Amino acid sequence: MPAERVSMRRVREILRLKFECGRSDRAIAVAVSVARSTVQLCLARFGAAGLSWPLPATLTEQGLEALLFAPLGGSTPGQRRKAEPDWAAVHRELRRPGVTLLLLWEEYRASHAGGYGYSRWCELYRSWEARLSPTMRQVHAAGERLFVDYAGQTVGVVDGSTGELRTAQVFVAVLGASNYTYAEASWTQSLPDWIGSHVRTLDFLGGVPRQIVPDNLRAGVLRANWYEPGINPTYRDLAAHYGTAILPTRVRRPRDKAKVEAGVLVVERWILARLRHQRFFSLAALNAAIAALVEDLNARPMRKLGVSRRQLFEQLDQPALSALPSEPFVYAEWRIRRVALDYHVDIEGHYYSVPHRLLREQVEARVTARTIELFHKGDRVAVHVRGGARGRHTTLPSICRGRIDGMRSGRSNGSAARRRPLGPRRRD
C-alpha cells in the first residue's frame, strides 16, 4: 500500500520540538510516533523551502503543505517527471484472474527502470481510479459473473389486427468484467420468458460464466435468503445444464447488483430512449430494433477506459467463459402433486398413473412439452408421453410396465391379469 503523507499538524510538532526544544531526530520520532526518516525528510524539506522558525502566524496548513511539498526541479503542477503508465490498461489487466498491482508494477519497472516506486505508483493508480463511476470501481474477474434483471421501463407494442396496445418487458444482462451487454424484449416476466431470455443470452455470449447473479425475482427465486436461497427448480435445472451457479443478490442490497443496475440505466438511455418515437406491431420487430442498438452500444468506446465493451469482452470475458453444452436446454416445469386413490396424479386436467404403492404419497412432476416424468423422493417412478385431452387418463407408465408384469408373471391367467387395471386387488 502507498505510504500516507504525514499531516501538517505533526509537521508543526516536529518543527517545534526541533527548533524550540532542541530534541534529537530519534527523540522527535518517538514523541510524534513517526519514523526517524520521516523526521529527517520533513526537516530537509523545511530547509529546502527557505523557511525559518517560528512560522508566520498567517501561514495555514494548506499553505505550509504547498511550500514543503512543492514540485522539485521547477516542474509545473500536473507535469510528470517520470514515464506515466496507461492507467486504463492497468485497470483492464487487473480484471484478469490472478493479476495484482504488484505484478503490473514489476512489469512497468522492467520497461521503465527510472519509473515510479511501488508506493507512488499505487497512489497514482488509486487517484486515477477514484475518477471512475462507483460501479466501474468494482473489480470483477473475467468470466466470473453475469448480472441479469429487468428494466423498469416497458415498451408498447400495437396489435395490428385489433389495435390493442400491449407492454413488453425488457430483459438486461451484463458481464462483470467487460460490461458486455445484452437486451431483449419479452411479453412477461414469468418463468418461461425468464428462462428463455437466459438461454438466448448465453447463446449471444457464446459461452457460460461461472455464476449468474439475478435479483430476487419470483420467477427465479422462490425464497430470498442469502445463505440458502430457494431457487426455482426450473432455474436450477438450467444452471445444472449449463454448468454454472445461481447466486441471487441479498434483499435490499442494491450494491450486490450495481453492475446490472448501471447496465439497465445504459439500456434505458441508449436504447429505449432512441425507440420512443417508433411504433412496433410485433415483438419480433421490437427485438430486431433492440438488437441493432445493442450492437452499436457494445461497439461504442467507453469514455473513461477508451475501449469498447466488445473489445473488452474479446480480451477478458470471452476466453474465460466455459463452452456451451452440445445439447440444447429442454424447458421443464416442476409441480408438486398428491397421488389420488385411483393411483393417478392430475397434471393440467389430464391424469397420469404411478405405481399403486404410492397411494396418497406426494410426488414431483417434471413437465416438458412432450413428456411427464414423476419422481418420488428423488427416484423417477413413471414416464408418460404428455396427453392433451382434459379429463382423460394415461396408464401403464413405461418405466413400470416390466416391473409390474414381472410381479404378476406367476399367475395362471397372465393375459387376463395384464388386462386388469393396475391397483390394489379387489376383494369379493
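Each residue takes its place number in the sequence, starting with 1. Note that the coordinates shown come from a computational prediction; the quantities given were computed from them, not determined experimentally.
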Student: Are Leu202 and Pro209 packed together at the side-chain level, in the sense that at least one heavy-atom pair is separated by less than 4.5 angstrom?
Tutor: yes
Student: Looking at Phe280 and Ala289, what are the two nearest heavy atoms and their distance?
Tutor: CE2-CB, 3.7 Å
Student: Under the ring pair (Phe, Tyr, Trp, His ring centres under 6.0 Å) test, which residues partner His112, sequence neighbours left out?
Tutor: Tyr108
Student: Would Leu358 and Val381 count as a side-chain contact (heavy atoms from CB on, under 4.5 Å) if you check the C-alpha gap in whole Å, the side-chain angles of each, and the deciding distance to 0.1 Å?
Tutor: CA-CA 10 Å; Leu358 299 178; Val381 295; 3.9 Å; yes
Student: Check whether any side-chain heavy atom of Val11 lies under 4.5 Å from a side-chain heavy atom of Phe46, and answer yes or no.
Tutor: no
Student: Would a 4.5 Å heavy-atom cut-off, applied to side chains only, mark Thr201 and Phe171 as touching?
Tutor: yes
Student: Go through the structure and list residues passing ring pair (Phe, Tyr, Trp, His ring centres under 6.0 Å) with Phe329, not counting sequence neighbours.
Tutor: His241
Student: Would you say the rings of Tyr150 and Trp194 are close, in the sense that their centroids are separated by under 6.0 Å?
Tutor: yes
Student: Is any side-chain N of the basic residue among Glu123 and Arg120 closer than 4.0 Å to the acidic one's carboxylate O?
Tutor: yes
Student: Would you name the heavy atoms of Ser178 and Asp317 that are closest together and state the gap between them?
Tutor: OG-OD2, 2.6 Å
Student: Any chance you could measure Tyr182, atom OH, to Ile290, atom CD1, to the nearest 0.5 Å?
Tutor: 9.0 Å
Student: Got a sec, which residues hit ring pair (Phe, Tyr, Trp, His ring centres under 6.0 Å) with Trp334, two or more places apart in sequence or on another chain?
Tutor: Phe375
Student: Only pairs at least two apart or in different chains count here, so list each salt bridge (Lys or Arg N to Asp or Glu O under 4.0 Å) that has a residue in residues 307-316.
Tutor: Glu295-Arg310
Student: Hey, could you give me the CG/CG distance between Leu191 and Asn232, rounded to the nearest 0.5 Å?
Tutor: 5.0 Å
Student: Just to verify, what does Asp296 make a salt bridge (Lys or Arg N to Asp or Glu O under 4.0 Å) with, not counting sequence neighbours?
Tutor: Arg300
Student: Strictly by salt bridge (Lys or Arg N to Asp or Glu O under 4.0 Å), give each pair with a member in residues 262-274 just once, sequence neighbours left out.
Tutor: none
Student: First locate atom CG of Asn179, then atom CG of Leu316, and finally report the distance between them rounded to the nearest 0.5 Å.
Tutor: 10.0 Å
Student: Are any of the side-chain heavy atoms of Thr394 and Val385 separated by less than 4.5 Å?
Tutor: no
Student: Report the C-alpha separation of Leu101 and Arg126 in whole Å, then their side-chain angles, then the decisive distance to 0.1 Å, and conclude whether the side-chain contact (heavy atoms from CB on, under 4.5 Å) test is met.
Tutor: CA-CA 11 Å; Leu101 278 173; Arg126 297 302 182 194; 3.3 Å; yes
Student: List the steps and the verdict of side-chain contact (heavy atoms from CB on, under 4.5 Å) for Tyr118 and Leu102.
Tutor: CA-CA 7 Å; Tyr118 179 64; Leu102 178 60; 4.0 Å; yes
Student: Just by distance, do the side chain of Thr244 and the backbone of Arg210 share a donor-acceptor pair under 3.5 Å?
Tutor: yes
Student: Give me the atom names and distance for the closest heavy-atom approach of Leu146 to Ala173.
Tutor: CD1-CB, 4.0 Å
Student: Quick test of your reading: applying side-chain hydrogen bond (donor to acceptor under 3.5 Å, both in side chains), list the pairs with at least one residue in residues 358-372, sequence neighbours left out, ordered by first then second residue.
Tutor: Glu361-His376, Arg366-Glu373, Thr368-Thr371
Student: Tell me, do Val208 and Leu321 make a side-chain contact under 4.5 Å, heavy atoms counted?
Tutor: no
Student: Grab the two heavy atoms, one from Trp121 and one from Leu104, that are nearest each other, plus how far apart they are.
Tutor: CH2-CB, 3.7 Å
Student: Is there a donor-acceptor pair closer than 3.5 Å between any side-chain N or O of Arg45 and the backbone N or O of Cys42?
Tutor: no
Student: Assert yes or no for the condition that the ring centre distance of Tyr116 to Tyr125 is strictly below 6.0 Å.
Tutor: no
Student: Suppose we screen for side-chain hydrogen bond (donor to acceptor under 3.5 Å, both in side chains). Which residues come up paired with Trp87, at least two apart in sequence or across chains?
Tutor: Glu84
Student: Side chains of His344 and Thr395, heavy atoms from C-beta outward: is any pair under 4.5 Å?
Tutor: yes
Student: Quick one: does Val266's side chain get under 4.5 Å of Leu297's, heavy atoms only?
Tutor: yes
Student: Filter on salt bridge (Lys or Arg N to Asp or Glu O under 4.0 Å), then keep only pairs touching residues 177-186, sequence neighbours left out; what's left?
Tutor: Glu184-Arg200
Student: For residues Asn298 and Ser308, report the shortest heavy-atom separation together with the two atoms involved.
Tutor: O-CB, 3.4 Å
Student: Do the side chain of His393 and the main chain of Ser353 share a donor and acceptor less than 3.5 angstrom apart?
Tutor: no
Student: My understanding is that only residues two or more places apart in sequence, or in another chain, count here; which of them pass ring pair (Phe, Tyr, Trp, His ring centres under 6.0 Å) with Tyr242?
Tutor: none
Student: Under the side-chain hydrogen bond (donor to acceptor under 3.5 Å, both in side chains) rule, what pairs show up with a residue in residues 320-333, not counting sequence neighbours?
Tutor: Tyr331-Glu333, Glu333-Arg335
Student: Please list all pairs passing the salt bridge (Lys or Arg N to Asp or Glu O under 4.0 Å) test where one or both residues lie in residues 155-169, with sequence neighbours left out.
Tutor: none
Student: Is there a side-chain contact (heavy atoms from CB on, under 4.5 Å) between Leu374 and His384? Walk through the geometry before answering.
Tutor: CA-CA 9 Å; Leu374 298 168; His384 297 274; 4.2 Å; yes
Student: If you round to the nearest 0.5 Å, how far is CG of Asp193 from NE2 of His198?
Tutor: 12.5 Å
Student: If I take atom OG from residue Ser7 and atom CD from residue Glu13, how far apart are they, to the nearest 0.5 angstrom?
Tutor: 10.5 Å
Student: Write down the atom of Ile347, the atom of Val367, and the distance for their closest heavy-atom approach.
Tutor: CG2-CG2, 3.9 Å
Student: When rounded to the nearest 0.5 angstrom, what is the spacing between NE2 in His91 and CG in Asp86?
Tutor: 12.0 Å
Student: Answer yes or no: is there a donor N or O on one side and an acceptor on the other, between the side chain of Thr181 and the main chain of Val174, under 3.5 Å?
Tutor: no
Student: Answer whether the closest heavy-atom distance between the side chains of Leu175 and Leu205 falls below 4.5 Å.
Tutor: yes
